[in-house]
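Working notes, structure below.
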Amino acid sequence: MSATDRPSRALARAGAVLEIDLAAIEANWRRLAGRLKPGASCAAVVKADAYGLGMAEVAPLLAAAGCRLFFVATLDEGIALRRLLPNTEIAVLNGLLPGTGGEFARARLLPVLNDLQEIAAWRSRAATRALPAMLHVDTGMARLGLGPGALAELARDPSPLAGLELRAVLSHLACPEEPDQPLNARQLAAFRTALAALPPAPASLASGSGIFLGTDFHFDFVRPGAALHGVNPTPGRPNPMAQVVRIKGRILQVRDVDRGQSVGYGAAHRMERPGRIATVAVGYADGWLRSASHRGSAGIAGQRVPVIGRISMDLMTLDVTGVDPCLARPGALVDLIDETYDVDAAAAAAGTIGYEILTALGRRYHRVYRGAIG
Ligand SMILES: *Cc1c(COP(=O)(O)O)cnc(C)c1O
């Protein structure tokens, strides 16, 4: 087998194809960076394998585009990213687990310190030189970060921070995709108060959606993730981001069924009239969530067809009664995600958000990266 026919053979056997447009991800980073107030910069959050789309492909692309600061969630993600990017700043949002300081230091990762114990643990390593770190303050989300008590203690006595090189103070918004939610303004005010109480350091409050709340939320840098990967950061309004993901599923079988025939597990769908059903090789093991059973739709040559019956592990069924049999035939690919039915639409059908759709995408897709650099 020659190198050139390998991709087409992989495509021929694929039950489903996941296309990832790297040029769109880069365009999205530039688009967000271009919206910021003067002097603010755009980091990139590439946790969970770049929201399921491949950190090894996404992170070097964004670094080449000019991104200088990356966030991951875990130490292992940070170590993997350090191998890809020897010289950029990498911060680990979940912070410093006991006993992991040596590995943080070896991989030159910045722990995002979330409480006084983590500060003390990181500082105990800083015997000879100041160790860089970031500080997360909780401004109203009650998830991660220094709470009001710890913050007040540090304001009174900042000596626990003495051995640290504070690369940033950050906080996270609970509802940035809801511009009218009063908590946004309260968190903004709480963040300003926290900054005034702490030693001077670059500040960051906004994730992707927070950028669209206005320049007051931009501070020194912003931390978008999902928006880079094409998820709408402004739900309910048109998506300002470029489409990144396309998914196509293979039709395995097409059958004619009588009125009254039940379809799939649990006999949960019953045909109300005679029709035709196409079985597609994508299921919940591929991240096509079971909660999308009986809901949502697929596209065949531009025509929408409904999902019927339950999504099973490896398969779903579509009602293709009204579709030209030359198009709805075994071997053909149907469009599960495209520009007319995007990640957010698929998420709405499954009762979830685009983030979960992307990070749930399984390992079985034939992955095609388009628009890669050099
Ligand atoms: C995940 C995360 C982000 C990125 O959020 P998006 O909504 O994907 O833009 C930013 N900051 C923190 C602390 C996070 O946990």
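Counting begins at 1 with the first residue of the sequence.
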Practice item. Taking the side chain as every heavy atom from C-beta outward, state whether Tyr51 and Val244 have any pair of such atoms under 4.5 Å apart. Key: no

Exercise for review: Answer yes or no: is there a side-chain heavy-atom contact under 4.5 Å between Leu154 and Leu161?
Suggested key: yes

Check your understanding: Per the side-chain contact (heavy atoms from CB on, under 4.5 Å) rule, which among Leu84, Leu110, Thr88 passes with Phe70?
Key -> Thr88

Check your understanding: Is the shortest heavy-atom distance from the side chain of Glu19 to the side chain of Val17 under 4.5 Å?
Key -> yes

Practice item. State, yes or no, whether a side-chain contact exists between Val368 and Arg370 at a heavy-atom distance under 4.5 Å. Key: yes

Check your understanding: Do Met55 and Val72 come within less than 4.5 Å of each other through their side chains, counting heavy atoms only?
Key -> yes

Exercise for review: Let me see the working for Glu89 and Arg68 under salt bridge (Lys or Arg N to Asp or Glu O under 4.0 Å), right down to the final yes or no.
Suggested key: CA-CA 6 Å; Glu89 262 193 318; Arg68 291 283 159 267; over 6 Å; no

Check your understanding: Should Ile79 and Arg106 count as side-chain neighbours, where that means a heavy-atom distance under 4.5 Å?
Key -> no

Review point. Is Leu195 close to Phe219 at the side-chain level, that is, under 4.5 Å between some pair of heavy atoms?
Key: yes

**Study point:** Taking every non-hydrogen atom, the tightest pair across Arg82 and Asn87
**Key:** NH1-N, 3.9 Å

Check your understanding: After noting the C-alpha distance and the side-chain angles of Glu57 and Arg367, does the key distance pass the salt bridge (Lys or Arg N to Asp or Glu O under 4.0 Å) rule?
Key -> CA-CA 12 Å; Glu57 285 77 16; Arg367 285 189 174 216; 5.7 Å; no

Practice item. Verify salt bridge (Lys or Arg N to Asp or Glu O under 4.0 Å) between Lys37 and Asp216, making sure each step is shown before the conclusion. Key: CA-CA 9 Å; Lys37 72 174 187 195; Asp216 277 356; over 6 Å; no

**Study point:** Phe212 ring center within less than 6.0 Å of Phe217 ring center
**Key:** no

Check your understanding: So, Asn232 versus Thr234: side-chain donor-acceptor pair below 3.5 Å or not?
Key -> yes

Review point. Would Arg246 and Asp338 satisfy salt bridge (Lys or Arg N to Asp or Glu O under 4.0 Å), going step by step from the backbone distance to the final call?
Key: CA-CA 5 Å; Arg246 280 183 180 71; Asp338 60 13; over 6 Å; no

